[in-house]
Amino acid sequence: MSAAKNTKATTFEGFSEEERAAMKEHAQELKKTARRGSKQVDLEPDVLAKIAEMEGPDREMAERIHAIIKASAPELAPKLWYGMPACAKNGKVLCFFQPATKFKTRYATLGFNDVANIDEGTMWPSAYALTDLGPDEEARIAALMKKAVSEGE
């Protein structure tokens with residue numbers, strides 16, 4: 001028996017330029033972590049420098065979110081993750097801020113990884129689109145951060 005050949009041409013364009021750049025940034029972050037070994041290093045200056053590179057609304061939201069996280073979940077450690085400001089709990093990335101300009105999207109994103117305790121039943125959001133931050137959004141982010149670092153119910 002011979003196998004039928006797929007004659008339909010398939011085009012794979014691969015990763016975008018922005019995705020490749022993020023992967024390169026992540027590789028550099030991993031190399032930097034490996035060079036440190038087991039030493040704990042304060043990465044807040046790196047995070048603040050990355051935020052300072054952002055422009056306009058992205059920078060303003062990232063600065064504000066960083067301050068909210070520090071106030072509501074001070075036990076989290078600032079770090080970079082794929083070139084984005086992030087925070088870790090016990091060495092694992094709990095949340096990150098993805099500026100809209102990073103992947104040329106129409107909104108910034110506050111995302112949570114599985115170590116965040118934000119579970120609500122059997123389905124819950126793990127990322128939030130942000131176009132602006134007002135007092136209501138800031139209060140919601142603070143509450144989310146407190147819940148994310150809690151030990152659960």
Side-chain angles (χ1 to χ4, degrees), residues 11-36 40-153:
T11 304
F12 177 70
E13 294 183 21
F15 296 106
S16 70
E17 183 179 320
E18 294 81 15
E19 290 167 327
R20 285 191 301 276
M23 288 185 282
K24 286 179 183 177
E25 285 183 285
H26 188 57
Q28 291 300 319
E29 293 157 10
L30 293 174
K31 286 178 186 177
K32 188 174 184 179
T33 300
R35 283 193 302 265
R36 283 195 319 255
Q40 287 285 27
V41 176
D42 180 16
L43 296 177
E44 187 162 16
D46 294 343
V47 170
L48 293 175
K50 185 57 75 173
I51 291 171
E53 291 174 8
M54 296 177 194
E55 296 180 5
D58 282 341
R59 185 180 62 245
E60 293 165 13
M61 283 191 283
E63 289 170 344
R64 192 65 201 124
I65 288 171
H66 182 74
I68 292 167
I69 292 171
K70 282 187 70 153
S72 56
E75 63 270 39
L76 294 179
K79 72 179 294 170
L80 292 174
W81 191 59
Y82 292 91
M84 297 177 284
C87 289
K89 180 179 180 180
N90 301 323
K92 295 182 179 179
V93 173
L94 180 133
C95 66
F96 59 92
F97 176 77
Q98 179 182 300
T101 55
K102 179 100 179 147
F103 297 109
K104 299 179 182 170
T105 59
R106 68 182 179 93
Y107 52 80
T109 305
L110 175 62
F112 292 88
N113 287 337
D114 63 332
V115 296
N117 184 28
I118 55 172
D119 307 30
E120 292 179 5
T122 59
M123 185 172 149
W124 58 90
S126 61
Y128 296 84
L130 300 167
T131 57
D132 194 21
L133 285 181
D136 291 341
E137 293 80 18
E138 290 179 3
R140 186 168 180 199
I141 291 169
L144 271 170
M145 294 311 305
K146 288 176 185 174
K147 183 175 182 180
V149 298
S150 71
E151 294 302 321
E153 298 166 18

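Start at 1 with the first residue, then count along the sequence. Note that the coordinates shown come from a computational prediction; the quantities given were computed from them, not determined experimentally.
- At a threshold of 4.5 Å between non-hydrogen side-chain atoms, the residues T131 and R106 do not count as touching.
- A search for ring-ring contact (aromatic ring centres under 6.0 Å, His included) contacts involving F96 returns W81, not counting sequence neighbours.
- From K102, atom NZ reaches atom OG1 of T109 across 12.5 Å, with rounding to the nearest 0.5 Å.
- A salt bridge is defined here as a Lys NZ or Arg NE, NH1 or NH2 lying under 4.0 Å from an Asp or Glu carboxylate O, and E17 with K24 fails to meet this definition.
- Distance check, rounded to the nearest 0.5 Å: SG of C87 to NZ of K70 gives 9.5 Å.
- Across every non-hydrogen atom of A62 and M54, the tightest pair is CB-SD, 3.7 Å.
- What you find for P78 and L76 is that their closest heavy atoms are CD-O, 3.8 Å.
- Residues L130 and I65 approach most closely at CD1-CD1, 3.5 Å, considering heavy atoms.
- Heavy atoms from other residues, nucleotides or ligands lying under 6.0 Å from CZ of F103 number more than 12.
- The CG atom of L43 sits 11.0 Å away from the CG atom of L48 when rounded to the nearest 0.5 Å.
- Between the side chain of N113 and the main chain of V115, no donor-acceptor pair closer than 3.5 Å is present.
- Closest approach of A108 to D58, counting heavy atoms only: CB-OD1, 3.9 Å.
- Rounding to the nearest 0.5 angstrom, the gap separating the CG atom in D119 from the NZ atom in K147 is 7.0 Å.
- A 4.5 Å side-chain heavy-atom check between Y128 and E137 finds every atom pair outside the cut-off.
- No side-chain heavy atom of E55 sits less than 4.5 Å from a side-chain heavy atom of T101.
- Interatomic distance, CD1 of I141 versus CZ of R64, reported as 9.0 Å (0.5 Å rounding).
- In this structure, K89 contributes its side chain and V149 its backbone to a donor-acceptor pair below 3.5 Å.
- What you find for S126 and I118 is that their closest heavy atoms are CA-CD1, 4.1 Å.
- Considering all non-hydrogen atoms of both residues, K79 and A88 come closest at CD-CB, 3.6 Å.
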Apply side chain to side chain contact (heavy atoms under 4.5 Å, CB included) to the pair L94 and F112, showing each step before the final yes or no. CA-CA 6 Å; L94 180 133; F112 292 88; 4.3 Å; yes
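- Rounding to the nearest 0.5 angstrom, the gap separating the NE2 atom in H66 from the CD1 atom in I51 is 5.5 Å.
- Look at E25 and K50 and you find a salt bridge, because one of the NZ, NE, NH1 or NH2 atoms lies within 4.0 Å of a carboxylate O, short of that distance.
- Under a 3.5 Å cut-off, the side chain of E63 and the backbone N or O of E60 do not form any donor-acceptor pair.
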